[in-house]
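Each ligand, and each atom within it, is numbered from 1 in the order the structure gives. Starting from 1, each residue takes its place in the sequence as its number. As a basis for the values below, the full set of heavy atoms in this structure was taken, side chains included, without hydrogen atoms, waters or symmetry mates.
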Amino acid sequence: MDKEINRLIRKETKRQNEGVELIASENYASKDVRKVCSSILTNKYAEGYPGKRYYGGCEYVDQVELVAIQRACELFGCKYANVQPHSGSQANAAAYRALLPEGGKILSLVLNDGGHLTHGSPVSFSSHTYEFVFYPLDKSGHLDYDGILELAKKEKPNVLLAGYSAFPYAIDFKRLGEIAHEVGAYFMVDMAHIAGLVAAKEHMSPIPYADVVTSTTHKTLRGPRGGLILTNDEELIKRINSAVFPYYQGGPLEHIIAAKAICFKEALSDDFKVYVRQLIANNKACRDEFARLGDKVSDTDNHLFLLNVLDSFNMTGLDAQKKLELINITTNKNMIPGDTLKPNKTSGLRIGFAAVTTRGCNIEDAKHIARLIHNFLSGSISEKEAKQEVKEMVSHWKLIEKI
Ligand code: DSN
């Protein structure tokens, strides 16, 4: 194999094995998922959809894609799925196109409060194609459902959008669906972060209440890097399919679609339910340990929480992220509700347990991680001591090649 790339893959493998991965959107895909990602299915062009392709020789990739669609529908309890989006951003772009005209209005949560770039950030296509109005969080960082209803009545959006990237609380999709439909808007949910929790029935499913649900497949769902769109509406799936191909994308990645099919099957298993319950318990145990130590931390109902490092350790999120990287703990700086610092500095860190739980992190490890971060960021242990503690902890976990 190409020596240069092989050397870099080996280095990245070592980095992943030696590190405590707390980036809330990351995970480790199974051997089967990774194997299928590198399969010969990558050789095939298949623009179009099963039975209606623009190329010959699609009889087997048609079946692969149909299996993926059927399993996605079974896993999430819905009628229709498009498994072709290359990413969550592509899925969101296609969903918007299916739901509203260019220039139409979307009511969403701003990036700084936990939304996503594609939910109306000025640096994303979304804010250039649609008009965004943002609903605020209440003072405690929770959704203010009455406030959202009031704003929806005033703004009359085409779409009410829910589902977030840095939001640690349960989302009442039923209530938000009622609000959207009361003002004549479509209800769209981007469940990328919590898809695994929804699959394992550890979070309310948006499927019965939303007109369209988008997701990625690589976060808590633990599959290959990619996107997904779900709906129960026969008319909407036609518009979604045309928006994905030919409007936004060309040839689908059938090797990734096959890996999505593997991921959906894995997520239907009892083992996956056990994994998600452990993930939620680990995350809560770590959060509670920070609180016990007197640090300023959000509460949590899901797979992530926000640690206010400015108030807890008098440092910015950027500095905390960089400092933790020195001891092989990976996190990302994140705005916290009401943040006074800029997005490139931030007052917070986003911490999540999807990846480390896959490797075998347990409740004791999760509490240990909180003490380790607290002690290192407050300067009561040295870099050498902290690094040694990380080394000992990960030595009990699975190697990522074995997952
Ligand atoms: N960029 C992802 C995250 O880290 O949350 C969302 O797509």
- prompt: Do Ser126 and Ser124 have side-chain atoms, one donor and one acceptor, less than 3.5 Å apart?
  reply: yes

field: Distance-only side-chain donor-acceptor flag, Arg225 / Ser87, under 3.5 Å
entry: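 The answer is no; no qualifying pair exists.
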
task: For this output row, return yes or no: ring centroids of His374 and Phe313 closer than 6.0 angstrom.
output: yes

field: Pairs involving residues 237-255, ordered by first then second residue, that meet salt bridge (Lys or Arg N to Asp or Glu O under 4.0 Å) (sequence neighbours left out)
entry: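 Every salt bridge (Lys or Arg N to Asp or Glu O under 4.0 Å) pair that includes a residue of residues 237-255, provided the two are not neighbours, is Arg53-Glu254, Glu235-Lys238.
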
Below 3.5 Å, can you tabulate the donor-acceptor pairs from side chains in residues 192-202 to any protein atom, sequence neighbours excluded?
residue, atom, partner, partner atom, Å
His193, ND1, His303, NE2, 3.0
His193, NE2, Ser165, O, 3.2
His193, NE2, Arg350, NH1, 3.2

message: Given a heavy-atom cut-off of 4.0 Å, could you list the residues near ligand 1 in chain and number order?
response: Ser25, His116, Ser165, His193, Lys219, Arg350

message: Enumerate the side chain to side chain donor-acceptor pair (under 3.5 Å) contacts for residues 103-114, please, sequence neighbours excluded, ordered by first and then second residue.
response: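 Only Lys105-Glu155 qualify under side chain to side chain donor-acceptor pair (under 3.5 Å).
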
